[in-house]
Each structure stands twice: as structure tokens, then as C-alpha cells.
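Here is the structure we will look at.
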Amino acid sequence: MSVEPVSAGLSRISVAAPCFPSGRVQVRYDSLTLVRALDENGALTLLFDCYLGEKPPLKLTFPDGSEVQTQLRTIDLERVTKVALLWRGRANLDLHAFEYAADFSDVGHVWAGAPSSRWQAEERRRRDNRGHGLMTSAAEGTGEGDQLEVYTFIHETGQASGVVKLALDYESRARIPQEPDSCGTGLYADLEYRVTVWRPNGSASRMRGSFAPLPCGQPTDPNARYSSKALPQLILTR
């Protein structure tokens with residue numbers, strides 16, 4: 001297993017396990033457990049989000065129970081803020097960031113459906129001398145293990161003051177027809193989630209939240225659909 005540092009607080013993990021073609025591996029980082037599939041040659045390349053920095057080791061468990069541990073490496077954790085959203089279960093949550101008073105579908109509205117990229121965020125930063133962000137991890141709520149979404153904001157030194165507002169959407173509940181597990185007494189009707197915030201000074205804070213159950217068949221109120229409960233607002237100052 002090899003580790004390559006990448007910008008925006010990421011590490012590129014390359015795994016070669018020819019003994020386990022098409023096998024599944026558990027990827028553990030602090031309290032997070034992801035499940036990923038090796039290809040037919042037993043290889044896996046993973047762009048991993050270091051939302052708790054480089055100190056927590058990354059541990060991979062292979063189909064035979066063997067475990068390999070490695071240390072993550074990144075390039076620029078000192079200039080990024082990361083907001084990580086974690087939940088468990090086959091339900092979909094979407095993390096939304098609204099940069100500098102952006103509205104829905106504006107250029108500054110960043111989410112899994114409009115994730116931006118490292119290159120786009122850097123180009124916008126150079127153009128207007130303000131920090132910008134991107135989704136460095138996104139999930140659809142269909143995989144095994146934990147689900148993870150991460151919004152990464154790349155700071156600009158000396159930028160003008162501003163705010164990035166964050167909101168959370170229980171997308172599965174808003175679908176038509178509604179997902180039965182997301183309402184009433186469904187398995188994920190009162191879905192719990194965790195939020196972790198990494199800041200450029202190396203500090204990390206953790207919060208928890210949950211969605212209150214709603215009756216099945218009740219229309220979703222568009223104004224109440226996007227919640228800021230347990231999410232920080234990023235206040236940017238000079």
C-alpha cells in the first residue's frame with residue numbers, strides 16, 4: 001500500500017492485493033468505516049479525505065481478516081476548513097454549502113449535484129481573491145458501512161469578510177414517491193448523523209444531530225427541507 005499527498009487535504013491511497021481479486025476491504029479512520037471493492041486484479045485507488053488531519057492512522061482489513069495500517073499524508077491542511085458529514089444506513093443525505101450569499105443553483109452553491117473541483121476552486125480564488133470550496137467526498141447512501149460527505153473550503157489569505165452557510169437535506173425523504181424507510185416508523189425515520197469540522201489551526205470539533213420522524217405521505221415543506229441543525233456557519237474574516 002502506498003500513500004501520495006494531494007492538495008485540498010486529500011491522500012491518494014493505492015492498494016495492490018492480488019490474492020483478493022474483486023474482494024471487499026474495510027477502510028477505517030478514527031470512527032469512520034468505509035467498505036470498498038478491489039478490482040479483478042486486487043487493486044484499489046482511493047482518494048481519501050483527511051477530515052481529521054494526518055494523525056489518525058488509516059487501517060485496511062482484507063477478506064481474510066489481515067490488517068494493514070498506514071499514515072496519511074497531505075499537502076495543505078493548514079489552509080483548509082473541512083466539514084464532514086457521516087451517517088450509517090441506506091438513506092441519502094446531501095450537504096449543501098452556500099458561499100457568499102449564493103442562492104440555489106448559483107455558482108457558489110456547492111453540493112454533490114454541483115461539486116466543483118480543486119481546479120475550479122483555485123481558479124475562483126485567483127479571480128476574486130476570496131476562498132472557495134468543493135465537495136471532496138460525496139455519497140449516495142447506497143453503499144455498505146458509513147456514508148461520508150465532505151465540503152472543503154480553501155482559504156485565501158487576507159480576503160474580504162464573508163460567510164459560507166451550510167445546510168443539510170434528507171434527500172431520501174423528499175423523493176416522490178417517498179422512500180418508505182425514511183418516514184413513519186421506517187428504519188431511517190429518525191436518522192442520526194455526525195458532523196466533524198477541521199480548521200486550519202489543526203483543531204477539530206464534533207457534533208451530533210438527528211432528524212425527527214415524519215408521517216409517511218406528508219408533503220415535504222420546501223422551506224423546512226434544508227436544515228442547519230448541528231452544522232456550523234463558516235465566518236470568514238481578514
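In what follows, every heavy atom counts, from backbone to side chain, and hydrogens, waters and symmetry copies are set aside. A quick note: this is a predicted structure, and the numbers were derived from the prediction, not measured.
- Using a 4.0 Å cut-off between a side-chain N of Lys or Arg and a carboxylate O of Asp or Glu, E122 and R118 do not qualify as a salt bridge.
- Scored by the salt bridge (Lys or Arg N to Asp or Glu O under 4.0 Å) test, D76 finds R79 as partners (sequence neighbours excluded).
- For R208, the CZ atom sits in a loose shell: 12 or fewer heavy atoms of surrounding residues, nucleotides or ligands are nearer than 6.0 Å.
- Both V164 and L85 are assigned to one and the same hydrophobic cluster, defined by single-linkage of ILVMFWY side chains at heavy-atom distances under 4.5 Å.
- The ring-ring contact (aromatic ring centres under 6.0 Å, His included) search around Y193 returns F211, not counting sequence neighbours.
- Hydrophobic clustering of Ile, Leu, Val, Met, Phe, Trp and Tyr side chains at less than 4.5 Å, counting indirect connections, unites L46 with V3.
- Across every non-hydrogen atom of T45 and S14, the tightest pair is OG1-OG, 4.1 Å.
- For E78, there are no salt bridge (Lys or Arg N to Asp or Glu O under 4.0 Å) partners at least two apart in sequence or on another chain.
- Counting heavy atoms from C-beta outward, L86 and Q147 have side chains that stay 4.5 Å or more apart.
- The side-chain heavy atoms of L234 and V163, taken from C-beta on, include no pair separated by under 4.5 Å.
- Contact between N201 and S203 at its shortest, heavy atoms only, is OD1-OG, 2.7 Å.
- Looking only at distances, no side-chain donor or acceptor of D30 sits under 3.5 Å from a matching main-chain atom of L32.
- The minimum heavy-atom distance linking V80 with A8 is given by the pair CG1-CA, 4.3 Å.
- The CZ atom of R126 sits 10.0 Å away from atom CD of E156, with the distance rounded to the nearest 0.5 Å.
- Formation of a donor-acceptor pair under 3.5 Å by the Q178 side chain with backbone atoms of R173 is found in this model.
- Every pair passing salt bridge (Lys or Arg N to Asp or Glu O under 4.0 Å) that includes a residue from residues 3-18 is listed here, sequence neighbours excluded: E4-R12.
- In this structure, the separation between CG on L38 and OG on S22 is 8.0 Å, given to the nearest 0.5 Å.
- Between F104 and Y226, the gap from one ring centroid to the other is short of 6.0 Å.
- No side-chain heavy atom of P57 sits less than 4.5 Å from a side-chain heavy atom of T70.
- For the pair V6/L47, a side-chain contact is recorded, criterion being any heavy-atom separation below 4.5 Å from C-beta on.
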- Yes or no on side chain to side chain contact (heavy atoms under 4.5 Å, CB included) for Y170 and S182, after CA distance, side-chain angles and deciding distance? CA-CA 9 Å; Y170 193 165; S182 70; 3.5 Å; yes

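- Proximity of D169 to L93: side-chain heavy atoms (C-beta onward) are nowhere separated by under 4.5 Å.
- Counting heavy atoms of neighbouring residues, nucleotides and ligands inside a 6.0 Å radius, atom CD of Q69 exceeds 12 of them.
- Hydrophobic clustering (ILVMFWY, side-chain heavy atoms < 4.5 Å, transitive): V25 and L34 are in one cluster.
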- Item | E67 and R28: CA distance, side-chain angles, deciding distance, salt bridge (charged side-chain N to carboxylate O under 4.0 Å, His left out) verdict | CA-CA 10 Å; E67 184 175 286; R28 287 181 289 143; 2.3 Å; yes

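- In this structure, OG in S227 is found 6.0 Å from CG in L168, a value given to the nearest 0.5 Å.
- Every pair passing disulfide (SG to SG under 2.5 Å) that includes a residue from residues 130-213 is listed here, sequence neighbours excluded: C183-C216.
- Applying the ring pair (Phe, Tyr, Trp, His ring centres under 6.0 Å) test to residues at least two apart or on different chains, the pairs with a partner in residues 21-65 are F20-F62, Y29-F48, Y29-Y51.
- Using a 30° and 60° split on the angle between ring planes, F153 and Y151 fall in the tilted class, from 30° to 60°.
- Residue M135 is not grouped with residue L77 when hydrophobic side chains (ILVMFWY) are merged at heavy-atom distances under 4.5 angstrom, including chains of intermediate members.
- Side-chain contact between S205 and M207: present, with at least one pair of heavy atoms (C-beta onward) separated by less than 4.5 Å.
- No side-chain N or O of N129 forms a donor-acceptor pair with one of Q159 less than 3.5 Å apart.
- A donor-acceptor contact shorter than 3.5 Å is absent between the side chain of S228 and the backbone of L231.
- Taken to the nearest 0.5 Å, the CG atom of L60 stands 8.0 Å off from the CD1 atom of I13.
- Under the salt bridge (Lys or Arg N to Asp or Glu O under 4.0 Å) criterion, D128 pairs with R130, not counting sequence neighbours.
- At least one side-chain heavy atom of V197 sits less than 4.5 Å from a side-chain heavy atom of T81.
- Counting only residues at least two apart or on different chains, no salt bridge (Lys or Arg N to Asp or Glu O under 4.0 Å) pair has a member in residues 89-107.
- Of all heavy-atom pairs spanning L44 and A37, the tightest one is CD1-O, 3.7 Å.
- To the nearest 0.5 Å, atoms CG (L134) and CD1 (I154) are separated by 5.5 Å.
- The shortest non-hydrogen separation linking P115 to V110 is O-CG1, 3.7 Å.
- A salt bridge (Lys or Arg N to Asp or Glu O under 4.0 Å) check over residues 141-154, counting only residues at least two apart or in different chains, returns the pairs R24-E144, R88-D146, D146-R194.
- Listed by first and then second residue, the salt bridge (Lys or Arg N to Asp or Glu O under 4.0 Å) pairs that reach into residues 40-62 are D49-K82, sequence neighbours excluded.
- A continuous path of ILVMFWY side-chain contacts below 4.5 Å connects L52 to V27, so both sit in one hydrophobic cluster.
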- Task: Apply side chain to side chain contact (heavy atoms under 4.5 Å, CB included) to L10 and T74, showing your working.
- Result: CA-CA 6 Å; L10 302 171; T74 64; 5.9 Å; no

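- The ring-ring contact (aromatic ring centres under 6.0 Å, His included) test applied to H132 returns Y100, not counting sequence neighbours.
- A heavy-atom distance below 4.5 Å is found between the side chains of P5 and I75.
- For the residue pair L72 and G53, the shortest heavy atom distance occurs at CD1-O, 4.4 Å.
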- Worked check of side chain to side chain contact (heavy atoms under 4.5 Å, CB included) between E171 and R225: CA-CA 9 Å; E171 188 271 336; R225 176 175 169 177; 4.2 Å; yes

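- Proximity of a side-chain donor or acceptor of N41 to a complementary backbone N or O of A43 within less than 3.5 Å is not detected.
- Taking R124 as the reference, nothing meets the salt bridge (Lys or Arg N to Asp or Glu O under 4.0 Å) condition, with sequence neighbours excluded.
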